[in-house]
Amino acid sequence: MVSEASLAGALSNKRFELIILPTEKCNFRCTYCYEDFQIGKMSRSTIDGVKRLIEYRADEVEDLTLSWFGGEPLLAPDVIREIGGHAYAVCKDRGIQFHGAMTTNAYVLNSVLFDELMAMGHNSYQVTLDGDRDWHDRTRLLANQKGTFDVIWRNLISAQAHPDRFTITLRLHVHADNIESVRMLYRKLKEQFGNDSRFEMFFHKISNLSGDKGIPQTELGYNEYREALAYITDAKSVADEVNADVTLSDYICYAARPNSLLVRADGRIGKCTVALNDPRNDVGRLLGDGTLDLDQQQLQRWFQGYRDMHAQTLSCPLSTLPA
Amino acid sequence: MATQGIDPSSISLSSNGSILHGDPYASVIADSLGVTIRAGGANDLCTNQGTCKGTNIDCTNSGACGGSTNMGACKAPQRQ
């Protein structure tokens, strides 16, 4: 059962989150990616709409989060500068807590850009690595098929030189074929960043989400995954006391939270960052004047978990969304 | 813990993104948010709140779990 604290966080008007796709293009062609990169950079009308919407919400919220997603969001740095800078200024002016976060491949996140983003309150990043250079450069490729590990590593080290507090969370993809490579990477990361609390790591069990086009990657079963993590981290075992059912029961996905909206580059409003090509994810449009034209019934499909506080539906509404 | 369910059709959004609650229970809960806790959003990562023991399968939070990035709930793996 979900806690009232989590419920309050999801249902409150004091909090507002926009997950923004400033472009849906990407410089990477990860072999397992599910996106199709059909939609380009955000239009002027949508940029203006997002800025106005933030102004409207500023009358009510105490906590605003902008989470940049894509495509690769840093391929549209001007959009991030304009919207992110505006949000940061509005929040500073009104005494609202501001959180700027980004899921980026970090390929263009050089020190100049990092400094600029930090200066406007963007201090939380998620960067994915698929293993050490050998495996990463097989699966996280540029559109021209070149590897990306060395540039990302250089940018991470540049970020480390920044004096201020930030969080870079390194998401390490694990599957049956890259365990040895992730083990090498883990050691390298511990050596470089292990004493820097601004860098965090977490493992993610990966499977091929791109259908037939990617390199087949064998998804690990639950016990195999636990054993793999123990091996990678040199732990005797992954702790047994973590009860997945208990922990899962108090998580409400952003897609199920009424105070979280996805703004696509073309102005469409959605809920889920995974189901970008799913018509059930189209819940409305953001207009240039900052108002939302929403299909309430379509939107309410994402709130079904609240009916009986169903843990799975609240933690991933897509998993039980009716066709 | 949440003591009762909320009819999804009672939750709507106004044109400026404000949540309109038609269910009194939802209203009360929403208004009860006191301490601002950071939302996770697309960057939902190591989000353990409360008890955090050992190494979580997805999050590997083996250290202190009180930090700003460890708020909320813990995203657990699907059992196979």
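Side chains included, hydrogens not; waters and symmetry mates left out as well; all remaining heavy atoms used. Labels below follow one simple rule: chain letters A, B, ... track the order of the sequence lines, proteins then strands, and each chain is numbered from 1.
Heavy atoms closer than 4.5 Å to chain B are found in both the backbone and the side chain of A:L7. With a 4.5 Å cut-off on non-hydrogen atoms, A:Q296 touches chain B through its side chain but not through its backbone. The contact between B:S14 and chain A is made entirely by backbone atoms, counting heavy-atom distances below 4.5 Å. When heavy atoms are compared at a cutoff of 4.5 Å, A:E60 approaches chain B solely by way of its side chain, counted from C-beta outward.
Interface summary for chain A: among B:I11, B:D23, B:D7, the most heavy-atom pairs under 4.5 angstrom belong to B:I11. With respect to chain A, the highest number of heavy-atom pairs below 4.5 Å among B:S10, B:A26, B:S18, B:S27 belongs to B:S18.
Looking at A:Y125 and A:T104, their side chains come closer than 4.5 Å, going by heavy atoms from C-beta outward.
Defined by atom type and a distance below 3.5 Å, a donor-acceptor pair is missing between the side-chain atoms of A:Q304 and A:R301.
Here the CD1-CG distance, from B:I6 to A:L11, works out to 5.0 Å after rounding to the nearest 0.5 Å.
When ring centroids are compared, A:H175 and A:Y225 stay outside the 6.0 Å threshold.
Using cut-offs of 30° and 60° for the angle between ring planes, the A:F199 and A:F193 rings count as parallel.
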